[in-house]
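Here's the structure we're looking at; comments come further down.
Letters A, B, ... are given to chains in the order of the sequence lines, protein chains preceding strands, and every chain is numbered from 1. Computed from a predicted model, the values in this text were never measured in an experiment.
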Amino acid sequence: MATFSLLVTANPHSSQGQFSAIQFAKTLLHQGHVIKRVFFYADGVLVASRLNCPPSDEYNLTKTWAKLAITHDFELTACVTVAMKRGIINATEADRNALTGENIDPAFEISGLGQLTEAMLESDRLVTFG
Amino acid sequence: MSKSLAIIFNKAPYGNQSGRELLDIALMAAAFDMEISALFIGDGVYQLLTNQQPDILHMKNHSSTYKALELYGIETVLVSSEDLEQRRLSESRLMPVSSLSNHKQINKTIAESDFVFML
Amino acid sequence: MKTLYILNNPQLFEQCTLAMGTQDALLLIEDAVVLSEQQSSDENHFVLEEDLIARGLNSGSSWNKKNYNEFVALTLEYNKSVSWL
Amino acid sequence: MVVRIDLSSLPRDKQGYLTDSSLWNEAVAMAISQEEAIELTEDHWQVINYVRRFYEEFNTSPSIRPLVKYLAKEWSKEKGNSIYLHLLFPDGPAKQATKIAGLPKPARCI
């Protein structure tokens, strides 16, 4: 049994990377490995918005990540610097920056790149999907 | 033993955020005692040109931040001489932040790093 | 360190393979799987089967196919992975 | 004699950082430092000026480590250390000095 962390930088709306990352995550969990954390960076953070609203006949990446993380007890972390730029905001940041609302899906958290560094150091493998 | 991280810049600046956001990773990972190298290959060598003025397009000039790599403890900054030559760029057009290197040495750095990031 | 290179952009094939050493492997995924119909392979060259099937390319490729189960195994078999972006 | 500045007339973010660093001057620095409960001495001013120089040179607000290295290199070994900086700016040198210097807050990494 190995511990994985994933770094996901792919834009959920314009590339395949998030789908690949989810498929990879499901496969490794099925094999009995564990995930410590999935860290979202660059356009990857866009998947953390709870307002993502794909047509009903398309896969909801946000909800799929959320369900997977809750079922298998791992963390979904979006990088604060790039998330804020792209309008992915939690309640704390909304308050701190005098914004009118938050939009992060409750299964995700916003944090710093230190969480990526920690994931790298505490996992057997880090795989990037961009 | 501290882990090592290689960051590969292979895209020209401003048409995308790749250089800017890789630079952010480099500076922040530097705070966590990782041994970091910054490698410039392919069109990534254009990141290091002097006289960049994206300000005229209201874009932030991240190129001057490369000059701070050393202050952040990132001392291995390599640029591929083959890729410079292929693009008819002389080293004199680059900011004095990188060491001229070659594919062989850059590949060795990639091979020996514990983690490698691109964007 | 034995490295698994993961390539998803067909335009970066040359740059990516240039970085590879003799003990490294290459796995084509996403759009890069089209290369498995264009480029000759060697024993360290793999292509992700699900991405071929998704694109209707599964019968044409002569490359060594790996499915997602084997993709996960490859990342463990090699010391690290580099996603060449 | 420095003119007193009404900080509420300046555009600042919720944490008190100027949102337009071109509006900064020494009187603004004095007013912000009062808010931070720091009495500016010659030593503070020197650090503030170096922090502004750092930003000008590298187009980014320094975090603590590069700031220390920069000061040690450009100014003096005795003053380019984090203990000295913490004595001057007890709430965190990078955070407080950039605020008083009218620069954007350093990107957070924790």
Side-chain angles (χ1 to χ4, degrees), chain B residues 2-3 5 7 9 13-14 17-38 40 46-77 94-98 115 117 119, chain D residues 11 13 17-24 46-86 89 91-98 101-110:
Chain B
S2 79
K3 297 272 183 172
L5 167 65
I7 298 183
F9 297 81
Y14 309 118
Q17 288 292 304
S18 160
R20 168 87 197 275
E21 294 189 325
L22 278 178
L23 186 56
D24 282 347
I25 286 200
L27 299 190
M28 293 197 212
F32 295 90
D33 280 326
M34 294 188 89
E35 199 186 303
I36 299 169
S37 31
F40 295 83
Y46 291 114
Q47 296 275 346
L48 297 175
L49 284 182
T50 53
N51 293 324
Q52 296 178 36
Q53 296 174 62
D55 330 48
I56 65 163
L57 303 170
H58 310 291
M59 299 182 82
K60 187 174 165 96
N61 187 347
H62 65 267
S63 72
S64 7
T65 310
Y66 289 118
K67 290 185 276 183
L69 287 175
E70 199 196 339
L71 290 174
Y72 281 79
I74 302 170
E75 279 158 17
T76 309
V77 182
L94 306 184
M95 299 177 288
V97 301
S98 59
F115 303 98
F117 287 163
L119 200 61
Chain D
D13 71 12
Y17 288 82
L18 276 190
T19 51
D20 178 358
S21 69
S22 70
L23 298 173
W24 184 88
Q46 272 179 310
V47 174
I48 289 165
N49 287 328
Y50 274 108
V51 168
R52 285 187 64 85
R53 256 175 60 183
F54 186 104
Y55 186 82
E56 222 167 275
E57 198 172 339
F58 305 122
N59 209 16
T60 189
S61 289
S63 56
I64 178 73
R65 279 225 313 209
L67 179 60
V68 166
K69 251 181 137 170
Y70 186 68
L71 293 176
K73 205 171 106 189
E74 303 284 318
W75 184 21
S76 86
K77 282 255 175 336
E78 297 76 56
K79 294 179 174 180
N81 70 70
S82 61
I83 297 165
Y84 175 76
L85 293 176
H86 270 283
F89 302 98
D91 278 357
K95 205 177 102 193
Q96 274 186 313
T98 51
L103 302 172
K105 65 175 173 265
R108 272 168 305 136
C109 60
I110 309 302

Inset, instruction - Please list, chain by chain and in numerical order, all residues satisfying side-chain hydrogen bond (donor to acceptor under 3.5 Å, both in side chains) with B:Gln17, sequence neighbours excluded. - result: none
Inset, instruction - Please say whether more than 12 non-hydrogen atoms of neighbouring residues, nucleotides or ligands are located less than 6.0 Å from CD1 in D:Ile83. - result: no
Legend entry - Crowding at CD, D:Glu57 (>12 non-hydrogen neighbours, <6.0 Å): yes
Inset, instruction - Sort by residue number and list every member of residues 60-75 of chain B having a non-hydrogen atom under 4.5 Å from chain D. - result: B:Lys60, B:Asn61, B:Ser64, B:Thr65, B:Lys67, B:Ala68, B:Glu70, B:Leu71, B:Tyr72, B:Gly73, B:Glu75
